[in-house]
Amino acid sequence: MTLNLCVLTPNRSVWNSEVNGIILPTNNGQIGVLPNHAPTATAVDIGILRIRLNDQWLTMALMGGFARIGNNAITILVNEAERGSDIDPQEAQKTLEIAEANLRKAEGKRQVIEANLALRRARTRVEASNTIS
Amino acid sequence: MAMSALRREGRRLTSIVSPNPINLLRASVVSSEEQTSLGVRYISTQIVRNRMKSVKNIQKITKAMKMVAASKLRQVQSKTENSRGLWQPFTALLGDSPSVDVKKNVIITISSDKGLCGGINTTSVKVSRALRKMNDGPDCETKYIILGEKAKLQLIRDSKMDIDLCISELQKNPLNYTQVSALADDILKNVQFDALRIVFNKFSSVVSFLPTVSTVLSPQIIERESEAGGSLGELDSYEIEGGETKSEILQNLAEFQFSCVMFNAVLENACSEQGARMSAMDSSSRNAGEMLDRLTLTYNRTRQASITTELIEIISGASALEG
């Protein structure tokens, strides 16, 4: 029994094949999805998607969106998604530092919120590139 | 058709070429305007030559425009195909039901900014007008949001009161999702709606562009329909997680759906615009080529006629001297 996973972004399709299970980061925490899950529609937060494929876990950084879990078919629509293996660790670390500096400099409510979001995105990318297990 | 054009040119020639000493010098080049009982006219070869030159220039320009449109089409086409998969899950979950009864309709017409692209803008405007007529009722109101200059020019004439928002110069920078989602955000903030209908030209192939309407329902209508059963009844069977209340998630979902559908619609319309421009410029260069052929024939005929006239004059003069 396998799940058919489909990860789509506005610019391209990032993943479209079968997996054994996933761990999805939602607004209320992480949920694990195994075959024969109940039909669910949830919002996906900025975080790491873990994909279980043949006893191996792969990571993907997601930047917020929606997920629909149907009859053993999961469709995830996000603003941007990157595979952990595709992210360059040093570049991700540098982006994180730049985001932290921006947050310290930010003034005004709107800039603070935007800087926070950028920071979370950068942190997610760093985590995704590090944890490859 | 060519003969009437030549006749028109000839008429202009008589008003300019009045018995003037300068023209007598050009007699060898310019055959004078003659009108025999048969109605055959001779036209200056110079005029025909000028016309040939201008038609040839036009042909070059339209050929170049076709190639430019082809290259732009290639660029946008790959983006469009990638974005097509994006709105399909939404349709699977929320359904695309254009026949839902709503009070406030907002029609978003997507068109191009530049012209010379065939009839796609007119079809979009026709479809929008038809939609409006269909949805007109006792307490239903319809508003327009227009993207692109061409539709604005057409719709401003008769529906000026109903236009809410006009956006142009969408393609100044290459289209990307961030720009379109900011635009969608703007629209959602400023416009009250129950259902949004996006009218655009779907790019099915390089020669065929189908006018399409995508419907996005507002979250309240979605809830109402899903509880009532029917096409959206399946939505109720899904557990909604990830937020405080179901309506909050549904609202986020509807907004996300709107920006994705909008992104796809704008890309498809851009593709259709380039494809239509390619075919319009192609037929235009072909027409210019045909016109050039006809003018060449006329030119040769005129040239030969003037040579024949000269020969006749010389020979008759010579034979008069002899005999």
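- At a 4.5 Å heavy-atom cutoff, the contact between A:Ile31 and chain B is made by side-chain atoms alone.
- Atom CD of A:Glu18 is surrounded by more than 12 heavy atoms from other residues, nucleotides or ligands within 6.0 Å.
- One finds the CG atom of A:Asn11 at 10.0 Å from the OH atom of B:Tyr177 (value rounded to the nearest 0.5 Å).
- In the displayed structure, B:Asn190 atom CG is contacted under 6.0 Å by more than 12 heavy atoms of other residues, nucleotides or ligands.
- Contact of A:Ser13 with chain B is not made at all, since no heavy-atom distance falls under 4.5 Å.
- With values rounded to the nearest 0.5 angstrom, B:Ser83 atom OG is found 10.5 Å from A:Leu8 atom CG.
- Contacts from residues 117-125 of chain A to chain B, taken as heavy-atom pairs separated by less than 4.5 Å, involve no residues at all.
- Contact detail for B:Phe256 and A:Asn79: the closest heavy-atom pair is CE1-OD1, 3.5 Å.
- Distance CZ/A:Arg68 to CG/B:Leu253: 10.5 Å, rounded to 0.5 Å.
- For B:Asp113, there are no salt bridge (Lys or Arg N to Asp or Glu O under 4.0 Å) partners two or more places apart in sequence or in a different chain.
- A distance of 8.0 Å separates CG in B:Asn252 from CG in A:Asn27, rounded to the nearest 0.5 Å.
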